[in-house]
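Let me begin by presenting the structure, written as structure tokens, before commenting on it.
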Protein chains: 2
Amino acid sequence: MRRMTARPANAHQARLLRLLRDGGPNSRAQLGDQIDLSRSKLAVEVDRLLETDLVVADGLAASRGGRRSHNVRLNPGLRFLGVDIGATSVDVAVTNAELEILGHLNQPMDVREGPVAVFEQVLSMAAKLRASGLAEGFDGAGIGVPGPVRFPEGVPVAPPIMPGWDGFPVREALSQELGCPVMVDNDVNLMAMGERHAGVARSVGDFLCVKIGTGIGCGIVAGGDVHRGVTGSAGDIGHIQAVPDGRPCACGNRGCLEAHFSGAALARDAVEAAQQGLSEELASRLAANGTLTAVDVAAAAAAGDATALDLIREGGNRVGQVIAGLVSFFNPGLVVIGGGVTGLGHNLLAAIRTQVYRQSLPLATGNLPIVLGELGPTAGVIGAARLISDHVFSPA
Amino acid sequence: MRRMTARPANAHQARLLRLLRDGGPNSRAQLGDQIDLSRSKLAVEVDRLLETDLVVADGLAASRGGRRSHNVRLNPGLRFLGVDIGATSVDVAVTNAELEILGHLNQPMDVREGPVAVFEQVLSMAAKLRASGLAEGFDGAGIGVPGPVRFPEGVPVAPPIMPGWDGFPVREALSQELGCPVMVDNDVNLMAMGERHAGVARSVGDFLCVKIGTGIGCGIVAGGDVHRGVTGSAGDIGHIQAVPDGRPCACGNRGCLEAHFSGAALARDAVEAAQQGLSEELASRLAANGTLTAVDVAAAAAAGDATALDLIREGGNRVGQVIAGLVSFFNPGLVVIGGGVTGLGHNLLAAIRTQVYRQSLPLATGNLPIVLGELGPTAGVIGAARLISDHVFSPA
DNA sequence: CAACTTTCTCCACTCACAGGACAAAGAAGA
DNA sequence: TCTTCTTTGTCCTGTGAGTGGAGAAAGTTG
């Protein structure tokens, strides 16, 4: 099962691999247009890449007015594994070297069951994907966890919502099992990388990616790189105070953003509203299912339920207020809203936009798009694959 | 007056110049310890630098157990000009190539008098420094302005507190007048760079530098680089909402941080308190001077005046609350507090610390020093000199 | 004064890279 | 079909970057 994937020998080769990854199959001549190298040097480096099995020849390109150029592409047999561990579910996907998803599995699972149980699950899902013929082995795996990570070592640190994971050597353990390089990161950072690679943030250098799911977090991309902070907890905005003396939060404080708006908070507020008889729509759904989720609120709002709309609007205002502050501070070129609650759609977005455009200075908001992520649940696994491919496609 | 300062020919030379700048005179052998080059290559590059007049020989070093090494140092005749334009005063300083301040002038001046008047002032101060024999000409000048800057062009954009400066070609104009390269940045960013070069943030890669003066701003250093944002307005935290439905702010909103705590807000609150008879100390100072400033509040607090202490504490709480949010978001390794109100000293710091340590998560605050800047009014001009020296000491 | 260390200089060798000459392959028009 | 032009690939040479070793120069230590 162990595969010794070759690694680029120098920065030029790394650059070429990334061009092929992001642009797909390409002719040698086109590569020359995108890289600052003489034709002769380029030919040498491409030939060397062909000698490893990272890159393979791929026929002739169409003529551009003269002799046809030889196509090259990344080895179509390369496989990356993208893993996204959420608070309540696990996503595992297999991609090719161009980071296209070949297979994707999702499994509900509580992260609090601990690293051993979750690992078993992840490995069995990976085995399933392999058994279905999508991969013989993996050339690298990226994995996201819902908490802070000491990035260089790939180890979660003091993760509030995943007790038992503190200090667990995720990177090393998974690398052992899979026999390939592994990189670990916070799930929100991976979502940001995913949207940057293939989503709304394509090639944006400075942006924020707010993920609102069970909890709330924010991926920070500055100068094209993810900013992780000194202890890996950057972007942990769930416990910023949104409401002075507001609702009590699990962290011990009051008024945290997460306590006022998140998947969990929204469900709680919806149940309360239903029980208080404020909304027939929500009450009937509560009676039917015994519980409510963000999906129910979204459906009720879509059906015109005023209470549901109010809940969404108020939540959007809270998040929007915090984001307004972050926009003033960070001055991003784009804000992406993602995570489980994106089903709330335009109502949520409208409330956020209102707050941000009202509270932040015109210079910061003048040309600032605030949009929903476009990759949905695949953002995380694509980001994970991207993370490990950046690693594998860099000089050893 | 025009001087054609040589520029390093490659990255190695640039690296060597910066080592000499930051480490002072140094032997060739010691330079070899700090740079990853063979002895022969190092000798070649140092010799080339000696051929330009950027670097000069400087005798022999002490023996380290064998043959004594030749010392080299940056040309002691190199001169940088550091300019810090504040809302109410202008600082101009001359430094040598090691960024040591050789002369420093300060002049009260309202930035709203516009770029032409301020420029005249700056140039006359620079002329004065030159006339006193500190410099024959300048090899570069850095300048900070109290507002957002389009950094690559060196032009202020939509600066709220300095009308008339919008779009004024600061970089080009000053470069013309002085006949040397010029770089322009936000004053807060320069303060951060100053504290990073020679102050409390020496060699810290990720930190925040909060400057509380007439207004309030925050320098952001991420991965060793200043983060300026897409429109140059990053760190503009004065208009983050600190108090819902709070005091009206000049920007049109309510409850902005700056409206509740800043040099201006503190003076206003102190006058109010004095007029309401809450503090004899403040009232007598008001009667004596006809007005109050942060200095008066600091003095009153030092004398044990409870009202002054309350003002400081409450202001510190406001700022602290905002900083707590930024700490959660950015996860810095250090927070520096600077600007005019640092005279409030420990009382202010204590209030800020309390808020941050109480509201941010332990992982982010566990090892987070929150300290006062140690360079005071020289931070800005040192940062300005550092900015231009980074430019001059980079390959042309 | 001998033995050892550090530093500097010189030289030969390797490798990265550019750029030009030329051949191969195709397009477009006569 | 033939000629001319364009594009692409290959080969070769020249330049400069950079390494590493030999040995000389300059010190220290006992």
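Every chain is numbered from 1, with letters handed out A, B, ... down the list of sequences. Note that the coordinates shown come from a computational prediction; the quantities given were computed from them, not determined experimentally.
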field: B/R228 charged N/C atom sitting above B/F151 aromatic ring, 6.0 Å / 45°
entry: yes

- prompt: Aromatic rings B/F80 and B/F393: how do their planes relate, parallel, tilted or perpendicular, breaks at 30° and 60°?
  reply: perpendicular

message: Tell me whether B/D22 is salt-bridged to B/R18, with the criterion being a basic N under 4.0 Å from an acidic carboxylate O.
response: no

message: For a quick check under 3.5 Å, do A/E45 and A/N10 share a side-chain donor-acceptor pair by atom type?
response: yes

- request: For DNA chain D, note the earliest and the latest nucleotide, 5' to 3', having some atom under 4.0 Å of a heavy atom belonging to chain B.
  value: D/dA17 to D/dT28

task: Please determine, by modelled atom types, if A/T95 and A/R79 share a side-chain donor-acceptor pair under 3.5 angstrom.
output: no

- request: Please list residues of residues 8-25 of chain A whose heavy atoms come under 4.0 Å from any atom in DNA chain D, ordered by number; otherwise none.
  value: none

Earlier contact from the 5' end, DNA chain C, for A/G66 and A/L42: A/L42

Nearest atoms (heavy-atom pairs only) where B/P181 meets B/H391: CB-CD2, 4.0 Å

Atom pairs and distances, side-chain donor-acceptor, residues 47-61 of chain B, under 3.5 Å, sequence neighbours left out:
residue, atom, partner, partner atom, Å
B/D47, OD1, B/R28, NH2, 2.7
B/T52, OG1, B/L49, O, 2.6
B/T52, OG1, B/L54, N, 3.1

task: Heavy atoms only: give me the nearest B/D206-A/V230 pair and the separation to one decimal.
output: CB-CG1, 4.0 Å

query: Between A/R48 and A/R64, which is nearer to the 5' end of DNA chain C once each is assigned its nearest nucleotide?
result: A/R48

- request: Sort and list the pairs that fulfil salt bridge (charged side-chain N to carboxylate O under 4.0 Å, His left out) and have at least one residue in residues 63-75 of chain A, not counting sequence neighbours.
  value: A/D33-A/R64

- prompt: Got a sec? Which of residues 49-63 of chain B come in under 4.0 Å of DNA chain D, heavy atoms?
  reply: B/S63

message: For the residue pair B/S27 / B/N71, report whether a side-chain donor-acceptor contact shorter than 3.5 Å exists.
response: no

task: Would you give the length of the straight line joining atom CG of A/L20 to atom CG of A/N75, rounded to the nearest 0.5 angstrom?
output: 11.5 Å

message: OP1 or OP2 of C/dC8 versus the side-chain N and O atoms of B/S69: is any pair under 4.0 Å?
response: yes

Strictly under 3.5 Å: I want the nitrogen or oxygen pairs between protein and nucleotides 19-23 of chain C, one per line.
residue, atom, partner, partner atom, Å
C/dG19, N7, A/S40, OG, 3.4
C/dG19, O6, A/S40, OG, 2.8

- request: Taking atom CD of B/E172 as the centre, report whether more than 12 heavy atoms of other residues, nucleotides or ligands fall under 6.0 Å from it.
  value: no

Heavy-atom pair with the smallest gap, counting every atom of B/M191 and B/A379: CG-CB, 3.9 Å

